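Remember, predicted model here, so these are calculated numbers, not experimental data.
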Amino acid sequence: MKDYKKIWDNLSVSFEDAGHFVGYEGDEQQIRANGAKTAAFLRDVLQIGPNDRVLEIGCGIARIGRELAPYCGEWHGADISGNMIAHARGRTKDIPNIFLDELPESSLDIFSDNYFDCVYSSIVFMHLDKVEVFRYIKDALRVLAPGGRAYFDTYNILSPEAWQQFQDIVQNYPAGKRPGHVSQFSTPQELQKYLEEAGFHSIHIDGQNPQLVVALGRKPESPAAERPTSALRPSQPLAAPSSAAGNGATDADDSSSREWKHLDDNLRAKNRYITDLEQTLAAKNEHIRNLERLVRKQQRTLSGLPVRIAARLSGKR
């Protein structure tokens with residue numbers, strides 16, 4: 001499986017890079033205007049209400065979330081890239097109902113069952129292999145409350161503009177040289193199959209857009225299902241404080257455990273990223289040393305060149 005965390009962290013070191021690689025360059029005003037259009041569309045198709053808990057898969061710099069948050073109860077943004085989450089925090093730090101989480105891996109395992117009213121992912125699945133797309137769709141069903149709504153989109157290879165982009169990729173990237181983030185493509189029938197097999201009902205697939213295929217689905221009703229109070233799954237604390245020994249568990253203890261687990265997951269992800277950077281830096285340093293050795297060898301060769309040229313010229317006279 002691709003290391004999506006490494007791929008997207010490397011592409012989003014700066015805010016400008018992050019915006020470029022998610023396709024939204026320009027100043028803050030332009031990003032907000034673009035995000036507002038998508039947010040208005042999602043409010044309409046998902047019927048998002050003022051009390052709804054909403055989750056975006058692959059939130060990036062919170063282009064959509066910053067504009068959608070004022071219209072729902074909670075907006076949660078999840079992304080595999082810690083850099084993307086950091087940029088999103090910078091843009092949304094003054095909005096109280098926004099919650100941002102770095103995913104430790106390509107799944108929604110950190111989130112509770114039956115918590116969200118709406119889950120969506122826009123302009124993200126086109127960057128993922130098919131296994132990850134289906135995994136996220138299955139996870140979306142799990143974290144949705146009964147009756148909850150979902151929206152997904154990706155490139156539709158049957159559409160003319162997307163087919164042209166597919167051909168451009170084939171022509172521009174030799175075998176084995178395609179970057180991990182380059183777009184991939186699906187069909188309406190494929191998304192239909194994914195949602196059906198995941199367990200969605202009331203599925204609607206639309207392939208009329210010149211580029212995208214979009215999918216809507218609803219989680220079946222289940223009156224007996226319990227609605228959790230926390231978006232994050234409960235977990236055991238890393239190390240129980242000594243003062244808590246012998247005390248009964250409380251809601252505050254559970255909340256603290258979740259916070260510790262969440263911090264630990266983020267720390268582990270950051271450590272993996274740092275290790276990858278160190279390995280990359282070591283490889284680059286070795287490459288530089290090899291270049292330096294080559295330059296010194298060339299300098300020694302060139303230093304004697306005038307003498308050899310002069311000798312040859314004098315011998316021809």
Exercise for the section: Mark yes or no for whether Asp206, through its side chain, and Val214, through its backbone, hold a donor-acceptor pair below 3.5 Å. Expected result: no
Practice task
Under the side-chain contact (heavy atoms from CB on, under 4.5 Å) rule, what do Ile169 and Val182 come out as? Steps first, then yes or no, please.
Solution key: CA-CA 8 Å; Ile169 291 172; Val182 167; 3.4 Å; yes
Completion exercise
Residues passing the side-chain contact (heavy atoms from CB on, under 4.5 Å) test with Gln211, sequence neighbours excluded, are Tyr155, Glu161, Gln165, Asn209
Practice task
Not counting sequence neighbours, which residues clear side-chain contact (heavy atoms from CB on, under 4.5 Å) with Ser186? List them please.
Solution key: Lys130, Thr154, Glu190
Practice task
Report the distance from atom CD1 of Ile98 to atom SG of Cys72, rounding to the nearest 0.5 Å.
Solution key: 8.0 Å
Handout entry: Expected output: side-chain Lys138 to main-chain Ala198 donor-acceptor under 3.5 Å
Key = no
Problem - Pairs flagged by salt bridge (Lys or Arg N to Asp or Glu O under 4.0 Å) wherever residues 109-122 is involved - sequence neighbours left out - result: Asp113-Arg142, Asp113-Arg233, Asp117-Arg227
Practice task
Could you tell me whether a side-chain N or O of Asp17 sits under 3.5 Å from a main-chain N or O of Ser12, the two making a donor and an acceptor?
Solution key: no
Exercise for the section: Give the ring-plane orientation class for Tyr136 versus Phe125, where under 30° counts as parallel, over 60° as perpendicular and anything between as tilted. Expected result: parallel
Handout entry: More than 12 heavy atoms of other groups within 6.0 Å of Gln167 CD
Key = yes
Practice task
Could you please spell out the steps behind the side-chain contact (heavy atoms from CB on, under 4.5 Å) verdict for Asp129 and Tyr4?
Solution key: CA-CA 10 Å; Asp129 288 340; Tyr4 291 104; 3.5 Å; yes
Practice task
Enter the distance from Asp153:CG to Ser121:OG here, rounded to the nearest 0.5 Å.
Solution key: 7.0 Å
Practice task
Classify the side-chain pair Thr38/Arg63 by whether it contains a donor and acceptor separated by less than 3.5 Å.
Solution key: yes
Problem - Working for side-chain contact (heavy atoms from CB on, under 4.5 Å), residues Leu11 and Ile7 - result: CA-CA 6 Å; Leu11 294 174; Ile7 289 170; 4.1 Å; yes
Practice task
Output all residues satisfying ring-ring contact (aromatic ring centres under 6.0 Å, His included) with Phe15, sequence neighbours left out; order by chain, then residue number.
Solution key: His87
Practice task
May I ask you to decide if His181's main-chain N or O and His127's side chain share a donor-acceptor pair within less than 3.5 Å?
Solution key: yes
Handout entry: Test of ring centre spacing under 6.0 Å for Phe111 and Phe116
Key = yes
Handout entry: Interatomic spacing from CH2 in Trp75 to CD in Glu67 - rounded to 0.5 Å
Key = 10.5 Å
Handout entry: Heavy-atom side-chain proximity of Asp79 to Glu102 below 4.5 angstrom
Key = no
Practice task
Look at the side chain of Ser159 and the backbone N and O of Pro210, then say whether any donor-acceptor pair between them is shorter than 3.5 Å.
Solution key: yes
Handout entry: Distance, nearest 0.5 Å, that separates CD1 of Ile80 from CD1 of Ile85
Key = 10.0 Å
Practice task
In plain terms, say whether Lys5 and Glu105 are close enough for a salt bridge, that is, a side-chain N and a carboxylate O under 4.0 Å apart.
Solution key: no
Exercise for the section: Check whether any side-chain heavy atom of Val119 lies under 4.5 Å from a side-chain heavy atom of Tyr151, and answer yes or no. Expected result: no
Problem - Point-to-point distance, once rounded to the nearest 0.5 Å, from CG of Leu191 to CD1 of Ile205 - result: 5.5 Å
Side chains of residues 42-56: which donor-acceptor partners sit under 3.5 Å, not counting sequence neighbours?
unit_1	atom_1	unit_2	atom_2	d
Gln47	NE2	Asp44	O	2.6
Asp52	OD2	Gly49	N	2.8
Asp52	OD2	Arg149	NH2	3.0
Arg53	NH1	Tyr115	O	3.4
Arg53	NH1	Pro228	O	3.3
Glu56	OE1	Tyr120	OH	2.7

Exercise for the section: Grab the two heavy atoms, one from Arg135 and one from Ser107, that are nearest each other, plus how far apart they are. Expected result: CD-CB, 4.1 Å
Practice task
Would you check if the side chain of Ser81 reaches a backbone N or O of Met84 as a donor-acceptor pair within less than 3.5 Å?
Solution key: yes
Handout entry: Heavy-atom donor-acceptor pair, Ser222 side chain to Pro146 backbone, under 3.5 Å
Key = no
Practice task
Evaluate side-chain contact (heavy atoms from CB on, under 4.5 Å) for Asp101 paired with Ile110, printing each intermediate quantity in order.
Solution key: CA-CA 9 Å; Asp101 289 284; Ile110 66 173; 3.9 Å; yes
Practice task
Please work out whether the ring planes of Phe99 and His76 are parallel, tilted or perpendicular, with thresholds of 30° and 60°.
Solution key: parallel
Problem - Any Leu158 side-chain heavy atom under 4.5 Å of Pro188 side chain - result: yes
Problem - Backbone of Gln30 reached by a side-chain donor or acceptor of Asp27 within 3.5 Å - result: yes
Exercise for the section: Would you mind checking if Lys2 and Glu132 are paired as a salt bridge, meaning a charged N to carboxylate O distance below 4.0 Å? Expected result: no
Problem - Heavy-atom check, side chain of Arg66 versus side chain of Glu28, under 4.5 Å - result: yes
Exercise for the section: Answer yes or no: are there more than 12 heavy-atom neighbours, outside Lys193 itself, under 6.0 Å from its atom NZ? Expected result: no
Handout entry: Asn83 side chain vs Asp9 backbone, donor-acceptor pair below 3.5 Å
Key = yes
Problem - CD on Gln208 to CG on Asn156, rounded to 0.5 Å - result: 9.0 Å
Completion exercise
Sorted by chain and residue number, the ring-ring contact (aromatic ring centres under 6.0 Å, His included) partners of Tyr71 (sequence neighbours excluded) come out as none
